[in-house]
Amino acid sequence: MKCIKFLFPVVLAVFTLTPLCAEEPKLEPIFNGTDLSGWDVPKDNIWFTVKDGVLMVKNGPKKKGQTLWTSKQYSDFVMEFDFRMGKGTVDSGIYVRNSREQIQIGISGSLKRDMTCSPYIPGKGYPVEAKNIKKLIKAKGWNTMRIQAIGKEYTVWLQGEKVMTYKSESAIAEGPLGIQLHGKRDMSIDYRNLKVAELK
């Protein structure tokens with residue numbers, strides 16, 4: 001019994017101190033809330049506008065799809081942002097390093113249901129589905145999403161809760177990040193507080 005009493009505080013101290021050793025990545029803004037500096041703006045842009053610190057994404061009259069890409073390329077990173085669902089059938093998401101692999105936001109065009117935080121991988125569709133989305137997501141308010149990409153592994157948090165991890169064998173090592181506006185539908189979605197930390 002004396003041995004157990006001696007060891008218990010030591011074990012407890014280890015568990016207590018360990019989280020303090022992990023440093024939170026320093027997130028830097030990639031959207032200044034005023035204009036689209038730092039982004040590759042599409043020609044004749046009518047889809048992505050900025051007002052009062054909010055990036056507003058909306059289809060034009062021809063319902064054409066479009067993507068707003070970061071000018072910078074990223075390898076391993078953490079991205080955090082707020083999003084708010086708008087009008088219509090919202091189908092958006094964040095492209096991860098290319099225009100093929102994406103973390104979904106809103107209604108899947110193929111599944112016809114909300115697949116927010118799930119990865120879309122060409123040839124596999126949605127190989128895994130994020131957990132607890134119905135419970136966590138605010139249909140009319142601001143939501144906070146965090147995406148981590150390390151090598152081929154994607155991890156996503158919604159409102160601070162870890163909801164998805166997936167290893168994509170087709171993931172590429174480096175590329176820009178993109179905000180998708182799906183075509184062939186009327187929809188709008190807002191983004192704000194977009195930040196990224198590069199992981200070394």
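Given the structure is predicted, the values throughout are model-derived calculations rather than measurements.
- With hydrogens and angles ignored, the 3.5 Å screen pairs a side-chain donor or acceptor of Ser118 with a backbone N or O of Ala130.
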### Query
Taking it one step at a time, do Asp186 and Lys63 satisfy salt bridge (Lys or Arg N to Asp or Glu O under 4.0 Å)?
CA-CA 7 Å; Asp186 287 315; Lys63 302 180 183 178; 3.8 Å; yes
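- Nearest heavy-atom pair across Gly151 and Arg97 is O-NH1, 3.0 Å.
- Interatomic distance, Thr155 OG1 to Ile103 CD1, rounded to the nearest 0.5 Å: 9.0 Å.
- The distance from atom SG of Cys117 to atom CG of Leu136, rounded to the nearest 0.5 Å, is 8.0 Å.
- Partners of Lys64 according to the salt bridge (Lys or Arg N to Asp or Glu O under 4.0 Å) rule, which considers only residues two or more places apart in sequence or in another chain, do not exist here.
- Linking Ile, Leu, Val, Met, Phe, Trp and Tyr residues whenever their side-chain heavy atoms come within less than 4.5 Å places Leu55 and Val41 in a single cluster.
- Residues Thr34 and Asn32 approach most closely at N-OD1, 2.7 Å, considering heavy atoms.
- When side chains are defined from C-beta on, Asn143 counts as touching Leu158, because their heavy atoms get closer than 4.5 Å.
- Between Pro61 and Ile46, the shortest heavy-atom distance links the atoms CD-CD1, 4.1 Å.
- Below 30°, between 30° and 60°, or above 60°: for Tyr191 and Phe81 the angle between ring planes is between 30° and 60°, a tilted geometry.
- Between Ile179 and Trp47 the shortest side-chain heavy-atom distance does not fall below 4.5 Å.
- By the criterion of side-chain heavy atoms lying less than 4.5 angstrom apart, applied directly or through intervening Ile, Leu, Val, Met, Phe, Trp or Tyr residues, Ile107 is not grouped with Met187; the two fall into different hydrophobic clusters.
- The OG1 atom of Thr70 sits 10.5 Å away from atom CG of Leu194, with the distance rounded to the nearest 0.5 Å.
- Counting heavy atoms from C-beta on, the side chains of Lys200 and Asp76 never come closer than 4.5 Å.
- Side-chain N/O atoms of Glu198 and Ser75 include no donor and acceptor closer than 3.5 Å.
- Arg192 meets the salt bridge (Lys or Arg N to Asp or Glu O under 4.0 Å) test with Asp82; sequence neighbours excluded.
- Looking at residues two or more places apart in sequence or on another chain, you find no ring-ring contact (aromatic ring centres under 6.0 Å, His included) involving Tyr154.
- Under the 3.5 Å distance criterion, with hydrogens and angles disregarded, no donor-acceptor pair is assigned to the side chains of Gln102 and Tyr120.
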### Query
Going through the checks in order, is the salt bridge (Lys or Arg N to Asp or Glu O under 4.0 Å) test met by Arg146 and Glu80?
CA-CA 4 Å; Arg146 184 181 180 101; Glu80 190 170 281; 2.8 Å; yes
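- Summarising the geometry of Gly178 relative to Thr67, their closest heavy-atom pair is CA-CG2, 4.0 Å, with the distance given to 0.1 Å.
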#### Entry: Intermediate values then yes/no, side chain to side chain contact (heavy atoms under 4.5 Å, CB included), Met85 and Thr116
CA-CA 11 Å; Met85 303 293 193; Thr116 297; 3.8 Å; yes
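- The main-chain N or O of Gln180 is found under 3.5 Å from a side-chain atom of Ser92 such that the two form a donor-acceptor pair.
- Across all non-hydrogen atoms, the minimal contact from Ser108 to Met115 is CB-CG, 3.8 Å.
- Counting only N and O atoms by type, the side chains of Asp91 and Gln104 include a donor and acceptor under 3.5 Å apart.
- Atoms CH2 and OG1, on Trp157 and Thr144 in that order, are 14.0 Å from each other to the nearest 0.5 Å.
- Summarising the geometry of Pro176 relative to Gln73, their closest heavy-atom pair is CD-NE2, 3.6 Å, with the distance given to 0.1 Å.
- In the hydrophobic clustering of ILVMFWY residues, with side-chain heavy atoms under 4.5 Å counting as a link, Val50 and Trp39 come out together.
- Here Lys131 contributes atom NZ and Met164 contributes atom CE; the two are 11.5 Å apart, rounded to the nearest 0.5 Å.
- Residue-environment remark: CZ (Arg185) exceeds the threshold of 12 foreign heavy atoms within 6.0 Å.
- Residues Ile150 and Met79 fall into different hydrophobic clusters, defined by Ile, Leu, Val, Met, Phe, Trp and Tyr side chains chained together at heavy-atom separations under 4.5 Å.
- Residues Gln159 and Trp142 form no side-chain contact, since every pair of their non-hydrogen atoms from C-beta on lies 4.5 Å or further apart.
- The structure places CG of Leu181 at 9.5 Å from CD1 of Ile189, a figure rounded to the nearest 0.5 Å.
- Contact annotation: the side chain of Ile133 approaches that of Val163 to within less than 4.5 Å [non-hydrogen atoms, C-beta and beyond].
- For the 3.5 Å distance criterion, the side chains of Glu161 and Asn132 qualify, holding a donor opposite an acceptor.
- At a threshold of 4.5 Å between non-hydrogen side-chain atoms, the residues Ser170 and Glu101 count as touching.
- Residues Phe77 and Tyr166 share a hydrophobic cluster, clusters being chains of Ile/Leu/Val/Met/Phe/Trp/Tyr side chains in contact below 4.5 Å.
- The only member of Leu177, Leu27, Ile147 that meets side-chain contact (heavy atoms from CB on, under 4.5 Å) when paired with Val196 is Leu177.
- No side-chain heavy atom of Phe83 sits less than 4.5 Å from a side-chain heavy atom of Val57.
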### Task
Tell me, with the steps shown, if Lys51 and Met56 meet side chain to side chain contact (heavy atoms under 4.5 Å, CB included).
CA-CA 7 Å; Lys51 184 178 180 180; Met56 298 179 289; 3.3 Å; yes
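- Under the 3.5 Å distance criterion, the side-chain polar atoms of Asn59 are left unmatched by any main-chain donor or acceptor of Lys62.
- For Glu129 and Arg113, the salt-bridge test passes: some basic side-chain N is under 4.0 Å from an acidic carboxylate O.
- In this structure, the side chains of Pro42 and Trp69 stay at 4.5 Å or more apart for every pair of heavy atoms.
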### Message
Could you walk me through whether Met145 and Ile105 satisfy the side chain to side chain contact (heavy atoms under 4.5 Å, CB included) test, starting with their C-alpha distance in whole Å, then the side-chain angles of each, then the deciding distance to 0.1 Å, before giving a yes or no?
### Response
CA-CA 10 Å; Met145 184 183 292; Ile105 299 175; 3.7 Å; yes
